[in-house]
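A short write-up of the structure that comes next.
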Amino acid sequence: MTDAGPANMAASEGIDFGAGQSRMELKNVSKGYGEEWEFDQVLGNLSLEVEAGMLTVVVGPSGCGKSTLVNLIAGFETPDTGTILLDGSEVTGPGKERMVVFQETALMPWQTTYENIVFGPKLRGDYQGGNLEAEAVKLIEKVGLADFKDKYPLQLSGGMQRRAELARALINEPRIMIMDEPFRGLDAMSRELMQEFFLKIFEENRRTQIFVTSEIDEAIFLADRLVVLSNKPAEVRTVIDIDLPRPRDFKMMSSPEAYRYKSEAMEILHEEAMKSFSDSASASGFMEVYAKTGD
Amino acid sequence: MSKPTGLAYFWYTLEQRMATPTPYLTMFGLSLWIFTYWLLCEGLEFWRFGKIPGPVTVLTDWFARDPFQGISIFKEEYYIHIWSSCRRIAIAFCIATGVGVPLGLFMGWSKAFRDYTFPILEVLRPIPPLAWVPLAILMFSGFETPVIFLATLASLFVTTLNTMLGVDSIDEEYFRAAGCLGSSKWQIFTNVVVPGALPFIFTGLQISVGVAWFSLVAAEMVSGDYGLGYLIVDSFMNNVTVPMVIGMLTLGLVGWGTSVMVRQVGRQLMQWQVKELAQQDR
Ligand SMILES: Nc1ncnc2c1ncn2[C@@H]1O[C@H](COP(=O)(O)OP(=O)(O)O)[C@@H](O)[C@H]1O
Ligand SMILES: [Mg+2]
């Protein structure tokens, strides 16, 4: 896939999200919580390269430290050791070049869909892409919320809230997007629709993307590259390149390749669980993933 | 059908209301209550209840052109009492809100500011308004100022504390989202802290307006020339019990009215929550 293609596509849509593709690198990042005598090492020496224009999916059992990792990348917390680099410069705090869509919905309940979406650029007063209002309306239509522009988040369904949040992040034209189990808690149908919708948006301009999930099927369906984490303290166990063609389709999930990727990842996750079976908390975390995948 | 406006909308909501059991249950409860009151005081003259003016006596006097014991809706004096109390409440409530809300917001927002102020608030808060009366009389001259001071004090504590808890109640996610979107500290204050604390603030204001009435009446009883509290205690001193009961019931009705007003303002300001509130109303 060339860089020119997707950029042209975005231009023809009239919305240019192509703020250039960025690359992120995590070097020997570790993080723990608690007092010295009950220290809880959550991330242990985690190194990861997130390639420019790629959809990197991070998968790991729940409780292994995925959200902790997201908080570090977002800049809400600082690593105990190691560095996080975006295009070579170190991450030191939150910034609009790294947009996070959180695990729990974080739309401001007191703002309408429209107000939520223009919130960031309006406050910073730095919107580059022309008329902010017009662009926001276009984006709202794109995420299918035209009829809900002036509704409050409490009046939207879970899937709609996620789409509004996606739009709120996109309008800031971040260099990298980070999503932390964004479709968790949606029913199966809306979840599939959201995955397809999310991929459509991603494939349009291939903005560098980190997607965190604990569901292996979701991970394989979305990923260019799959990063499998170990149990707590989390490290990268393996990286699998997913060579399924794009645009993706749910039918691909029953192909032999998809099956091979899945069993490869499952084997590692299974190993991880076995290793820490005495540690019952982590084991139950693993069982959750294992049970969800269903086979 | 488009949404009706103005009077048509009022009739529409009234009709909707009348179709629910609420108004009938309210009526029934009220009648039962008045009947018991009548039975105790006038019907049976049960024990010492016989000394209390019953509903028939009270209502007759309340709506009489020429009341037996001096107070009715046709007497100018009655309205002077109501007006005096309402004016004091309005002033006290405005001061308490104007000081308490910003104070609470800053206490919730800034850890350092809370460390300075919270202990003082916690020490002063349990002291009941009545205990402040002597100090208030020493500090302020005349009738008006000490009474307003006392009414302000109690509601100030309620408003401040509720506002502070309101800020505490705001989910960390919203601060993070705002930070991620590049808001400055002050923008976070105006766009997250203030609207996020609003539901708690209005809960606090409803309590605070009630507390203001409590302490106002207590203050008027001790020091005053007019006002519902004064009316109640003055009637008792002069051995006219009917105006005393009229004063009490008027107080209740006016107090209820003020908290309905606060609630309505809150609903207007928190449209985003209206649906949620409607679900809680049940
Ligand atoms: N702020 C914190 N203080 C203490 N422990 C924390 C904190 N954040 C996360 N943890 C611990 O880190 C572990 C991983 O949490 P998290 O990153 O939320 O996992 P995941 O997102 O993979 O489910 C958990 O055991 C949790 O108790
Ligand atoms: Mg998580």
Side-chain angles (χ1 to χ4, degrees), chain A residues 67 70-77 91-127 150-156 161 164-174 176-180, chain B residues 2-3 101 104-105 108-109 111 162-163 165-205 263 265-282:
Chain A
S67 295
V70 170
N71 283 338
L72 294 178
I73 295 172
F76 297 134
E77 290 174 43
V91 167
T92 51
K96 63 148 189 159
E97 73 282 357
R98 285 162 284 124
M99 276 294 145
V100 184
V101 174
F102 297 88
Q103 194 169 325
E104 311 297 333
T105 177
L107 292 168
M108 311 286 172
W110 44 85
Q111 295 177 346
T112 61
T113 307
Y114 173 78
E115 288 166 345
N116 262 292
I117 289 170
V118 297
F119 183 67
K122 211 170 181 176
L123 287 191
R124 296 190 308 267
D126 66 349
Y127 191 67
D150 297 316
K151 293 267 192 280
Y152 291 99
L154 283 171
Q155 297 168 298
L156 306 185
Q161 289 179 358
E165 251 174 302
L166 203 57
R168 181 172 73 172
L170 285 173
I171 203 161
N172 295 283
E173 312 201 334
I176 182 168
M177 287 261 288
I178 304 115
M179 303 181 78
D180 187 4
Chain B
S2 63
K3 189 182 166 183
V101 170
L105 286 173
W109 185 46
K111 174 87 175 65
N162 263 283
T163 307
L165 294 177
V167 180
D168 287 351
S169 78
I170 303 170
D171 218 326
E172 183 64 26
E173 308 276 339
Y174 302 129
F175 289 102
R176 291 196 159 177
C180 197
L181 292 164
S183 329
S184 67
K185 270 200 110 148
W186 180 249
Q187 286 170 334
I188 290 183
F189 183 76
T190 53
N191 289 284
V192 179
V193 174
V194 175
L198 222 48
F200 268 67
I201 293 179
F202 271 89
T203 313
L205 290 183
R263 201 155 36 231
V265 172
R267 285 200 183 179
Q268 277 305 308
L269 283 178
M270 293 181 290
Q271 299 276 337
W272 54 274
Q273 241 207 351
V274 165
K275 227 171 108 189
E276 219 185 13
L277 285 175
Q279 281 159 4
Q280 283 169 7
D281 254 4
R282 272 173 287 173

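Keep in mind that this is a model prediction, so the values were computed, not measured. To find a chain, count down the sequence lines: A is the first, B the second, and so on, and within it residues start at 1. Just so you know, these numbers use all the heavy atoms, side chains as well, and skip hydrogens, waters and symmetry mates.
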Between B:Trp272 and A:Pro153 (side chain of the first, backbone of the second, donor and acceptor by atom type, cut-off under 3.5 Å), is there such a pair?
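Pair absent, no side-chain N/O of B:Trp272 close to backbone of A:Pro153.
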
Between chain B and each of A:Ala106, A:Gly95, A:Pro94, count heavy-atom pairs under 4.5 Å; write down the option with the most.
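Sorted descending by pairs with chain B, the first entry is A:Ala106.
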
Out of A:Glu104, A:Arg98, A:Gln111, A:Gln103, return the one with the most heavy atom pairs under 4.5 angstrom to chain B.
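Among A:Glu104, A:Arg98, A:Gln111, A:Gln103, the one with the most close pairs to chain B is A:Glu104.
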
Suppose a student defines contact as a heavy atom less than 4.5 Å from any heavy atom of chain B. Which residues in residues 116-124 of chain A would they list?
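Residues of residues 116-124 of chain A touching chain B at under 4.5 Å: A:Phe119, A:Gly120, A:Leu123, A:Arg124.
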
B:Asp171 portion near chain A, given a 4.5 angstrom heavy-atom threshold:
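For B:Asp171, no heavy atom lies under 4.5 Å from chain A.
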
Heavy-atom pair with the smallest gap, counting every atom of [X] and [Y]:
| X | Y | answer |
| --- | --- | --- |
| B:Gly196 | A:Trp110 | CA-CZ3, 3.5 Å |
| A:Met108 | B:Ala177 | CE-CB, 4.3 Å |
| B:Tyr174 | A:Pro109 | OH-CG, 3.5 Å |

Checking A:Asp126 against chain B: side chain, backbone, both or neither under 4.5 Å from a heavy atom?
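Looking at A:Asp126, nothing touches chain B.
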
